[in-house]
Amino acid sequence: MPFTYSHSSAFTVFKECSLETIIKEINQIDTDLLLFIVDGKVWEKYGANFDFKQVFPDKKVHLWKNPEGERAKLHSEYVSCTDFFLEKGVHRNAHLIAVGGGATSDFAGFVAATLLRGISWSIVPTTVLAMVDASLGGKVSINTNAGKNLLGAFHLPEKVWADLNFLKTLPPHEMRSGKGEILKYAYLDKSIYDAVMNSNGDLHEIIPKCAEYKLKITAEDFRERGMRKLLNLGHTFGHGLERIYNLPHGEAVMWGLALLCYLFKKDQLLSELQQLKLTLQWPEQDPPWLHKTFPTKDILFYAGNDKKKHSNSEIDLVVPEAIGDVQIKTIPLLQIEEMLIASEGNLKKFRL
Ligand SMILES: NC(=O)c1ccc[n+]([C@@H]2O[C@H](COP(=O)([O-])OP(=O)(O)OC[C@H]3O[C@@H](n4cnc5c(N)ncnc54)[C@H](O)[C@@H]3O)[C@@H](O)[C@H]2O)c1
Ligand SMILES: [Zn+2]
């Protein structure tokens, strides 16, 4: 089912469509110059037979191939890429197109935001995570030696075209990473929960619903002053678990969600999580802390360092009460420490 959602004030449009339609719509963009930034792995899999001159006969095209994944977001890549485009020749009416996962769209969006003080851009997301999350909402960034996403901007893409055929080549751990974000949305919104359960996990049904939800929230709270914080559900603990165990992002979000339900004694929500995972064909797993000491100190360290923290001694935690009912609670880190210590023994036996 094709699906379109437009921001009322700005102009992000998310559309599920075929590559043929994407090419047709790119040809209709009012520009004579296209700047493509493509993830290296995606180029390797899909680019070999792609002839830009043939598919975009009326446009000049400059192509930058990114190193695959997170390495795309290196500061040095930003310098090389912008130098490359500027040397080739760019004007204000050029349109940039990112093709890849969230790392590529974050990077390409930052290039688009800064090149000649900002040019228009669009995204062809090729991972589940990028389709439901990273390509939407206009947050763009690169990494620096001091940390992830520390140089960035808000720069909305004009269009986001999602062709789910790209997902056929996505490795299983990257699929799970995107599904972790889908679990988050299912907790946030009852109609997404219903879409997952009623469609038997069909991503064609689920992805547009998640995208619609994120676009709605980010349109209401573009600069992340309020509502947008809800999207952090599962991430306060998830970010820590991601670093401690080197987990794929969405998998860490899933464990972050589970931990949250466990600590706040939401047994019903834990069984919902199990059902959702099953429906999304996510195999049962032991927790990453199974054969190790439970990482209370490290989890607290990362939660305390979270950029969304409330103060030095308190954090804002998004706590689920029921499906479709979540609340932002300001909680002392000391209280979280006590909850974690009290649960360590039982958490060791946890399986989901
Ligand atoms: N801007 C935002 O609002 C926002 C939100 C969430 C995440 N992010 C960012 O997104 C990034 C993570 O995005 P991601 O999970 O998409 O990872 P990614 O972009 O790093 O891609 C993951 C891996 O999949 C490969 N890949 C991509 N598409 C493929 C395909 N169709 N077939 C085979 N392989 C493919 C890539 O080469 C890479 O190795 C992080 O940098 C994160 O900070 C941004
Ligand atoms: Zn996330």
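As the structure lists them, so they are numbered: ligands from 1, and atoms in each ligand from 1. Note that this is a predicted model, so its numbers are computed, not measured.
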Checking a contact table here: which protein heavy atom is nearest atom 8 (N) of ligand 1, and how many Å away?
A134 CB, 3.6 Å

Could you work out, for [atom], the closest of [options] by heavy-atom distance?
{"atom": "atom 37 (O) of ligand 1", "options": "L231, D163, V124, D39", "answer": "D39"}
{"atom": "atom 24 (O) of ligand 1", "options": "E181, R228, M131, E174", "answer": "E174"}
{"atom": "atom 20 (O) of ligand 1", "options": "G102, G40, G69", "answer": "G69"}
{"atom": "atom 26 (N) of ligand 1", "options": "T104, L170, T169", "answer": "L170"}
{"atom": "atom 39 (O) of ligand 1", "options": "E68, E70, H249", "answer": "E68"}

Contact check, E44 vs ligand 1, heavy-atom distance below 4.0 Å:
no

Flag E181 as yes if one of its N/O/S atoms falls below 2.8 Å of the Zn ion (ligand 2), otherwise no.
yes

Are S120 and H95 linked by a side-chain donor-acceptor pair shorter than 3.5 Å?
yes

For K148, counting its heavy atoms only, list the atoms of ligand 1 lying under 4.0 Å from any of them.
40 (C), 41 (O), 42 (C), 43 (O)

Of the backbone atoms (N, CA, C, O) and the side-chain heavy atoms from C-beta on, which set of V140 has a member under 4.0 Å from an atom of ligand 1: side chain, backbone, both, or neither?
neither

Hey, is D32 close enough to K59 for a salt bridge, meaning N to O under 4.0 Å?
no

If you take the centroid of each ring, where Trp contributes its six-membered ring, are F294 and F350 closer together than 6.0 Å?
no

